[in-house]
Amino acid sequence: MRSLRRRVPASSEIGTGTGHTRSARRRVTAAVVLCATAAPWASAGYATLTLTSGLVPVLIAWMTKLLIDGLTHDADLRTLLIPALGYVLAAIIVGIGPLAARYLRGVVDREVGLLAQDRLFTAVGRHPGLGRLEDPAFLDRLRVAQDVGRTVAGQLADATLSAGRSLLTVTGFMVSLVALNPVMALVVLAAGVPSLLAQLALSRHQARAVLEVGRIERREDFYARLIAAPTAAKEIRLFAIGDFLRSRVLAERRAANAVTQSVDARQTKVQSVLEVLSCLVSGAGLVWAVFAAHTGDLTVGGVTMFVAAVDGVQGSLGSLLIQLAASQRALLMFDHYLEVVEAEPDLPVAAEPVPLTPLRHGIELSDVWFRYAPDHDWVLRGLNLFIPHGGSLALVGLNGAGKSTLVKLLCRFYDPTHGAVLWDGVDLRDADPVELRARMSTLFQDFQHYDMTAAENIGLGDLRLLEERDRIEAAAAKAGMHEKLAQLPQGYDTMLSRTFHHDAPAEEHRPGTLLSGGQHQRLALARAFIREGRDLMILDEPSAGLDAEAEHEIHLSIRRHRADRTSLLISHRLSAVRDAHRIAVLGDGQVKEEGSHRELLGSGGEYARLFALQADGYTDDRHGPGTVGPADPVEAAAGR
Ligand SMILES: Nc1ncnc2c1ncn2[C@@H]1O[C@H](COP(=O)(O)OP(=O)(O)OP(=O)(O)O)[C@@H](O)[C@H]1O
């Protein structure tokens, strides 16, 4: 048996990704593949339109030159017709091209968004443990990835294609400019270098700002959702903390605004300087063209072409640089998406998992040490415990003793830091977590309520039974909820939510229903019961919110349900655990005592002390000695 296992990263140690910087080429390839997979025809059409539209301004400038030169040199009508028709064609492309491109871009964005979201949530679901979702850095990145995943691939393709289009335009005008004035062509190009550097620096700054704003907005969302959450409304009103929460929302918004404002200010400053530089260059070019026309070195059409070429090179060079910077920004943002999608699983998953057979012998926790992070205290310190097949084990212990942590280790949401959890001798690290969980039925202490129908709230326990109403009703009956659910306005189809309507036409909407805390607990229990016949049943505080009668009924039901089944029951109510085959008392991260109820009472240890304390609470203080608790205040006030 392996007592010291390889170390597994705790939640806070888990990096937010694969830890390497992807090359720009890899990122571009990933984005192109995403677009081509999601919307191949629309992507190809959009790419073609965007690239060909890059040549149109050059076409228009040349047609204008030919027309003007033809007119000033008395060319015949047929010679003039060709540039005129070329001009009309270019004008049509200018008019229709952007409309078609916008439509195709919409198609690409929607399809890519869908595929990107699908891949993102598949990737999140691929983590077998809870570590990633308890890591704020990962959650920050996930938030950005959700936002950018929908649009960034399209943006990236857009920026890259637009850059390609601008490059074509720049090249076209550059050829013209070199023919007219090579020195001027060089000056215009050289002026683009500082502009390129400035734009790239700006885009890196913008990309960093997006992550920072996302981090702030995640907190803002938390406060904003709290203000509107029905579950929080009672405390917010009672403690009068609405204004406090509102001030937190506003503070986060101000912080986010400050970040975006600083980005805007930097952008305005940089682009103003670049504009001035560009004006100086084109001003110098104009002076040269006027002199050249004056001395007869340039025709009137040549001056027009020169002005258009300088303007065209500058304009398209400017937009080329902006698009390059936008591509770089989109690549940096896309990296967050790829980081989430390509992140390694938060727990090591065996390449060839050892199959888990139906439980024969039992589950053993062997010298298990566990802490949530290296700088946290140990929760379990060399714990040894055996859950025998077919037997019921109860776990008791004070708050924070580590009972729920032990449940999470059994479900393999985390791996022990040292030691091992063994299923009939198979280390859970060597098994497939999905197979492990399919063999269990668990009611967590912090069970989930779903804003769905009553039937769905139970059927989610086993999706194969979602439509099997008799199985759902049987599970509800075992949890003592059948009558209540059957009497709801739409029976089991009633929405258990006041936040959402049933997925039906608006005129058929009827208000949903809310259940009481104890009824929710029974519903969660029904969800566990519908997973009948699993190898291990874990119930973590199944009756904490129940009234005395319900608790009694539920415990009878649980007893019946877990008879001859392997079960682990956690409860602070010691009356509920007394009939378990064995009871283990957890303390200081270890099993302090273990035995049957009778054995533990006889040994006079921690269990006996806790049991006596609880039993004392039920002693009638008006009958007999040894009473505990305060005197009846009503009687005291009446002077009795
Ligand atoms: N996700 C987590 N990250 C960090 N620490 C945690 C996490 N969950 C629990 N802990 C810590 O682990 C310790 C054990 O918690 P656990 O929930 O296992 O106790 P418990 O015995 O179930 O307590 P209770 O009786 O109150 O339900 C506590 O000190 C708690 O603060």
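One-based numbering, in listed order, for ligands and for the atoms of each. Note that the structure is a prediction, hence the values are computed from the model and not measured.
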Next on the checklist: side-chain contact (heavy atoms from CB on, under 4.5 Å), that's the test. Do His336 and Leu211 meet it? Break it down for me.
Outcome noted: CA-CA 9 Å; His336 296 302; Leu211 189 60; 3.9 Å; yes
Item to check | Gln445: numbered ligand 1 atoms lying under 4.0 Å from its heavy atoms | outcome: 27 (O)
Item to check | Student check: side-chain heavy atoms of Asp415 and Pro348 closer than 4.5 Å | outcome: yes
Item to check | Close-contact set for ligand 1 against Ser404 heavy atoms, below 4.0 Å | outcome: 17 (O), 18 (O), 20 (P), 22 (O)
Checklist entry - Any idea which heavy atoms bring Leu496 and Leu488 closest together, and the distance? => result CD2-CD1, 4.0 Å
Checklist entry - If you count the atoms of ligand 1 from 1 in the order shown, which ones are under 4.0 Å from a heavy atom of Lys408? => result 8 (N)
Next on the checklist: Taking the six-membered ring for Trp, are Phe611 and His597 closer than 6.0 Å centroid to centroid?
Outcome noted: yes
Item to check | Per-atom contacts, ligand 1 versus His572 - under 4.0 Å to a heavy atom | outcome: 25 (O)
Checklist outcome for this item: Going by the 4.0 angstrom heavy-atom rule, the piece of Glu134 near ligand 1 is side chain
Next on the checklist: Taking only non-hydrogen atoms of Gly397, do any sit less than 4.0 angstrom from ligand 1?
Outcome noted: no
Checklist entry - Are Thr405 and Tyr372 linked by a side-chain donor-acceptor pair shorter than 3.5 Å? => result yes
Checklist entry - Near His376, which atoms of ligand 1 are under 4.0 Å from a heavy atom of that residue? => result 4 (C)
Checklist entry - So which bit of Val379 gets within less than 4.0 Å of ligand 1, heavy atoms only: side chain, backbone, both or neither? => result side chain
Item to check | Enumerated ligand 1 atoms positioned under 4.0 Å from heavy atoms of Tyr414 | outcome: 1 (N)
Checklist entry - For ligand 1, which atoms sit closer than 4.0 Å to a heavy atom of Thr405? => result 14 (C), 15 (O), 16 (P), 18 (O)
Next on the checklist: Let's go through Glu217 and Arg253 carefully: what are the C-alpha distance in whole Å and the side-chain angles of both, what is the deciding distance for salt bridge (charged side-chain N to carboxylate O under 4.0 Å, His left out) to 0.1 Å, and is it a yes or a no?
Outcome noted: CA-CA 7 Å; Glu217 285 181 344; Arg253 184 78 329 247; 2.8 Å; yes
Checklist entry - Aromatic ring centroids of His361 and Phe386 under 6.0 Å? => result yes
Checklist entry - Looking at the rings of Tyr450 and His520, which for Trp means the six-membered one, are their centres under 6.0 Å apart? => result no
Checklist entry - Taking only heavy atoms of Gly402, which atoms of ligand 1 are found under 4.0 Å from at least one of them? => result 14 (C), 18 (O), 19 (O), 20 (P), 21 (O)
